[in-house]
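Before any comments, here is the structure.
As a basis for the values below, the full set of heavy atoms in this structure was taken, side chains included, without hydrogen atoms, waters or symmetry mates.
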Amino acid sequence: MGIGGISGGAFGLLRQAGGGAYSSFEYRSVYEADPGAIIRKEEDRIEAKSHYTEDDALWNQYMKQYRDSLKITDKKLVVQGDPRSVLLGKVSEKELESFRQKVEKEGIGDEIDWRGLESDFRHMEISFENAGYLNTKVDYIASRYAVLKDRIENSYVGEEKEQQMEKLNQILDRTKKELLDSYADSVGEFYEEFGGSGTKKELKDSLSKGIDNRIAGYEKHLKQSETYAALGDNTDRWLRQDDGYMAARLREDFEAYGSAAGKDVKDNSEGEYTLHDLETAGVYAQECRSRLKEQGTFWSDNEERIGLDLAVQGMKTEYLAEHGKLSRNMQTLLLSAFDNYKKGYTDILEQGLKERAKAFPTQLKTSVDRDRISAVYQYTMSQYRQSKDMMAAFAKGAKQAQALFDKQSGNYSARYEWNHFFDQSQYTNIKGEDCMYGKYEKSISRFQQSLEQGDGGKLHLLFGSSGDYELNLFL
């Protein structure tokens, strides 16, 4: 919730040190190390806002007393005024309980906290880094809008009602525009480049329609749900006045009792994508973009490894298209984008080789053998398409890649890597570290597990290429 531009969820860093309802709170002073950490946490992540409990609501309302005393200067928090602010330390159990009794008795007011809403709706843009939270952001925006629209319709009449709705719609329109434009300029640009001309607009239009449908779904559920109505009847008045709290409960009720079809567009028309499609597309684009950006030239003497690595990415792409609960439109887009990405990956690698060669007086390698890369890629992919078993196909592909490499006159480093590819790693002295073959297997397994979790977890594509430290995480 909004406190001088700082989301109330950020104060989740205040945690109970004991087991009582409101025992003393221990403050983790992240500000001392990095005053901007709290702010960035809420700019980058939406969970603290979406998981909004009664305790969060109490802290939020308590902090609103002091939000005019807080400001940000040069990315540092400056506190002016009452020293009891939790940003300076602790709030006693007695004071917090006293504030609870006060709001239980007096309420927090029937007027809509527009300042808080505007603050909470900031930083809803989508980037490659947070594309996996698209649905979370849309749910948050849609549920808050539905709760406030219902509140306005039942609390105001005539011209005042129109003014309140106009203000709400203005905030929604600004927030929606920010989300749409940022998604189009990041994820949309990737698919415009790798998926085809016009894709950016198709994705943006689908996202706009998806947001509108999600809002309509929440509005319908709010009016029809007996469980949500009962919750409202049995909730303290001050909590009913906190639209952020009631929106969080609406999301929970919709998840538990709402129609699954109400949360997405299942019968999408030609060129349209569901919100699930769009979130998956964002995660996929982020992973591909990272690989294109971060790949090095140090594996250029090992074309068989490059082919094997691209085959693992290709298998994951096809598995995702088949098992990711995606529309046919999105399946087609992902497969098409990967074909172009695969070529771009090799192009960028060669470009890096050429740039590196310019800095040395002696002649260096400036290209890779695409036929060798393709041989391993095509063989591994054919094994997968026959068996639909990524692990088995990878095992055969890795052995084939090693056999093909052995026929080449590869350099010492690449030969050493293949000699230890299937054995305990000799690259470090870390006890129990897996060989590279084992790391690839773990990345495949974790990818499949994340996909099986569905809405309960986030998708982990784990495209980490050979030589990428990401694979070293699986120890």
Does any part of the side chain of Leu308, heavy atoms only, come nearer than 4.5 Å to the side chain of Phe405, both counted from C-beta? no
No-hydrogen, no-angle side-chain donor-acceptor test under 3.5 Å, Asn60 and Tyr52: yes
Is Arg289 salt-bridged to Glu193, cutoff N-O under 4.0 Å? yes
Looking only at side chains, do Asp139 and Thr136 share a donor and an acceptor under 3.5 Å apart? no
Just so I know, are the side chains of Lys343 and Asp339 near enough to count as touching, which here means a heavy-atom distance under 4.5 Å? no
Short question: side chain of Asp173, backbone of Gln170 - any donor-acceptor pair under 3.5 Å? no
Side-chain touch Asp110/Ser155, heavy atoms, less than 4.5 angstrom: no
For the pair Tyr437 and Phe394, name the ring-plane relationship: parallel under 30°, tilted 30 to 60°, perpendicular over 60°. parallel
Among side-chain atoms of Gln351 and Glu355, is any donor-acceptor pair under 3.5 angstrom? no
Heavy-atom closest pair (Lys223 atom, Glu153 atom, distance to 0.1 Å) is NZ-OE1, 3.4 Å
Heavy atoms, side chains only, cut-off 4.5 Å: are Leu203 and Leu333 in contact? yes
State which residue, out of Phe254, Tyr140, Tyr145, fulfils the ring pair (Phe, Tyr, Trp, His ring centres under 6.0 Å) condition with Tyr218. Phe254
Would a 4.5 Å heavy-atom cut-off, applied to side chains only, mark Lys204 and Asp181 as touching? yes
Minimum heavy-atom separation for Thr380 to Ala393, with atom names? CG2-O, 3.6 Å
How long is the gap from CD1 on Ile211 to CG on Leu275, to the nearest 0.5 Å? 7.0 Å
Inspect the contact between Lys316 and Glu287 and indicate whether a charged nitrogen and a carboxylate oxygen are less than 4.0 angstrom apart. no
Closest non-hydrogen contact found for Ser336 with Gly195 is OG-O, 3.9 Å
When you compare the side chains of Asp150 and Asn154, does any donor N or O come within less than 3.5 Å of an acceptor on the partner? yes
Heavy atoms of Lys354 and Thr366 approach each other most closely as NZ-O, 3.1 Å
Check whether any side-chain heavy atom of Arg144 lies under 4.5 Å from a side-chain heavy atom of Asp243, and answer yes or no. yes
Is it true that the side chains of Asp309 and Tyr440 contain a donor and an acceptor less than 3.5 Å apart? yes
Would you confirm whether Glu192, through its side chain, and Thr199, through its main-chain N or O, come within 3.5 Å as a donor-acceptor pair? yes
Taking Tyr228's backbone N and O only, do any of them form a donor-acceptor pair with Arg249's side chain (distance below 3.5 Å, no angle check)? no
Of the non-hydrogen atoms in Tyr245 and Thr235, which two are nearest, and what is the gap between them? CE2-CG2, 4.0 Å
Value rounded to 0.5 Å, distance of OH in Tyr284 from CG in Leu334: 6.0 Å
Inspect the contact between Glu189 and Lys200 and indicate whether a charged nitrogen and a carboxylate oxygen are less than 4.0 angstrom apart. yes
Are there over 12 heavy-atom neighbours, none belonging to Lys177, within less than 6.0 Å of that residue's NZ? no
For Glu304 and Arg372, run salt bridge (Lys or Arg N to Asp or Glu O under 4.0 Å): C-alpha distance rounded to whole Å, both residues' side-chain angles, the deciding distance at 0.1 Å, then the answer. CA-CA 6 Å; Glu304 286 72 25; Arg372 288 170 58 187; 2.8 Å; yes
Heavy-atom nearest pair, Lys161 first then Ile152, reads O-CG2, 3.9 Å
So, taking the atom named OG1 in Thr227 and the one named CG in Leu231, what distance separates them when rounded to the nearest 0.5 Å? 8.0 Å
Test salt bridge (Lys or Arg N to Asp or Glu O under 4.0 Å) on Glu350 and Arg370; report intermediate values, then the result. CA-CA 10 Å; Glu350 288 192 336; Arg370 295 180 184 240; 3.0 Å; yes
Side chains of Arg305 and Met436: closer than 4.5 Å at any heavy-atom pair? yes
Can a donor-acceptor pair be found between the side chains of Tyr345 and Gln313 at a distance below 3.5 Å? no
Return yes if some donor-acceptor pair links the side-chain N/O of Asp277 with the main-chain N/O of Met330 below 3.5 Å, else return no. no
Tell me, do Tyr341 and Arg291 make a side-chain contact under 4.5 Å, heavy atoms counted? yes
